[in-house]
Number of protein chains: 2
Amino acid sequence: MAALAHDLRMACMRVSRRVRFETTTQLAPHQFSVLVRLSEQPRTAGDLAGQERVTAPSMSRTVGALVERGFVQRAADARDGRVVVLSLTTLGEQVIAQERAQRDAWMAVRLEGLSEDDRAVLRRATALLEEVVAR
Amino acid sequence: MAALAHDLRMACMRVSRRVRFETTTQLAPHQFSVLVRLSEQPRTAGDLAGQERVTAPSMSRTVGALVERGFVQRAADARDGRVVVLSLTTLGEQVIAQERAQRDAWMAVRLEGLSEDDRAVLRRATALLEEVVAR
DNA sequence: TATTGTTATACTCTATAACTATA
DNA sequence: TATAGTTATAGAGTATAACAATA
């Protein structure tokens with residue numbers, strides 16, 4: 001089982017690495033991560049900093065750059081004047097959608113020509129991976 | 001098939017992201033990558049720069065830091081005086097081995113308790129992924 | 001003259017510390 | 001006094017441009 005853990009991990013990381021290297025990126029990795037978080041739901045800078053494992057000042061700058069580029073917008077919180085709620089702009093949503101489409105296309109090209117059996121294996125493996133990583 | 005491409009890509013990237021975030025790292029990601037390349041075989045700084053998609057001066061600094069920390073050693077090339085051949089020191093090999101062991105352990109913990117059937121699926125999926133990504 | 005590698009300088013991302021505004 | 005966020009300053013990584021050594 002140690003061999004499986006190693007091989008599976010390597011395979012996943014290789015896919016990930018190549019996707020990140022080979023799909024065009026209008027965004028630096030840390031910026032992309034933040035946009036993905038915000039595409040799930042609006043969040044505060046503090047939340048983002050915790051999720052991305054960076055400090056508050058660092059996230060503050062990252063967010064500032066994304067706001068400047070028109071991908072993210074700030075809004076005041078009605079109940080707490082200290083809080084700034086961040087969310088994607090329409091442009092930000094478009095950029096994320098484009099980037100995701102490129103990444104999915106990279107993967108789709110590599111799955112072309114697989115047999116139905118092979119695809120079934122990969123479907124089951126995907127479900128297993130999701131389940132297992134949720135632990 | 002588009003759905004499979006998306007889901008499989010996401011699953012792989014999630015595994016990769018969590019491994020990178022959650023295993024202790026004595027090394028920054030770019031340093032780790034370089035040590036892995038050198039663990040395969042000795043290379044020149046120029047080779048490394050090309051493989052890692054960074055410029056020569058950038059790789060020069062990265063290598064310099066790894067040499068200073070005692071993980072990498074420089075050697076002259078007998079046939080071409082311009083060339084500097086880089087390789088891992090014993091300490092560098094130890095560090096890489098430790099880091100890999102931590103990463104494999106992370107994955108192994110998550111595979112614990114899977115049925116033999118599930119593990120067979122993951123084994124087949126791993127082989128498919130390796131094949132498919134080699135394209 | 002071309003190639004390998006490094007140094008010079010500037011920009012970005014990160015961090016710790018200090019500051020502002022609100023609770 | 002504590003919390004959310006930003007600004008100040010400094011330490012790395014990266015880039016382009018310029019330089020040194022060798023082919």
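Letters go in sequence order (proteins before strands), and every chain restarts at 1. Model, not experiment: these values are computed from the prediction.
- Rounded to whole Å, atom P of dA15(D) lies 11 Å from atom NE2 of His30(B).
- Under a 4.0 Å N-O distance rule, the pair Arg17(B)/Glu52(A) qualifies as a salt bridge.
- Arg20(A) forms no cation-pi arrangement with Phe32(A), by the criterion of a distance under 6.0 Å to the ring centre and an angle within 45° of the ring axis.
- You'll find that the side chain of Val54(A) is closest to dA15(C), out of dA21(D), dA15(C), dG5(D).
- With the 3.5 Å cutoff on both pairing distances, Watson-Crick and G-U pairs in DNA chain D assemble into runs of at least 3 at C:1-23 with D:1-23.
- The phosphate of dT6(D) (OP1 or OP2) has a side-chain N or O of Arg74(A) nearer than 4.0 angstrom.
- A straight line from CG of Leu86(A) to P of dA4(D) spans 14 Å, rounded to a whole angstrom.
- The stretch residues 55-66 of chain A touches DNA chain C through Thr55(A), Pro57(A), Ser58(A), Arg61(A), Thr62(A), each having a heavy atom within less than 4.0 Å of the strand.
- The same ILVMFWY cluster, assembled from side-chain heavy atoms under 4.5 Å apart, contains both Trp106(B) and Leu122(B).
- The residues Arg61(B) and Glu68(B) are annotated as not salt-bridged, no charged nitrogen and carboxylate oxygen being separated by less than 4.0 angstrom.
- Look at CG on Leu48(A): it is 15 Å from P on dC13(C), rounded to the nearest Å.
- Considering only side-chain N and O atoms, Arg43(A) lies nowhere under 4.0 angstrom from the phosphate OP1 or OP2 of dG5(D).
- Minimum heavy-atom separation, Val15(B) to Cys12(A): CG1-CB, 3.9 Å.
- One interatomic measurement links the two molecules: CG of Asp77(A) to P of dT3(D), which rounds to 17 Å at whole-angstrom precision.
- At least one side-chain heavy atom of Arg110(B) sits under 4.5 Å from a side-chain heavy atom of Arg18(B).
- Distance from the side chain of Gln31(B) is smallest to dG13(D) among dA23(D), dG13(D), dA23(C).
- Following rounding to the nearest Å, Asp80(B) (CG) and dA23(D) (P) show an atom-to-atom distance of 6 Å.
- A distance of 9.5 Å separates CD of Glu130(B) from CG of Leu8(A), quoted to the nearest 0.5 Å.
- Rounded to a whole Å, the CZ atom of Arg79(B) is 16 Å from the C1' atom of dT3(C).
- Atom CZ of Phe32(A) is separated from atom P of dT12(C) by 22 Å (rounded to the nearest Å).
- Met10(B) and Val132(A) end up in different hydrophobic clusters when Ile, Leu, Val, Met, Phe, Trp and Tyr side chains are linked at under 4.5 Å.
- Val36(B) and Met13(A) fall into different hydrophobic clusters, where Ile, Leu, Val, Met, Phe, Trp and Tyr side chains are chained together by heavy-atom contacts under 4.5 Å.
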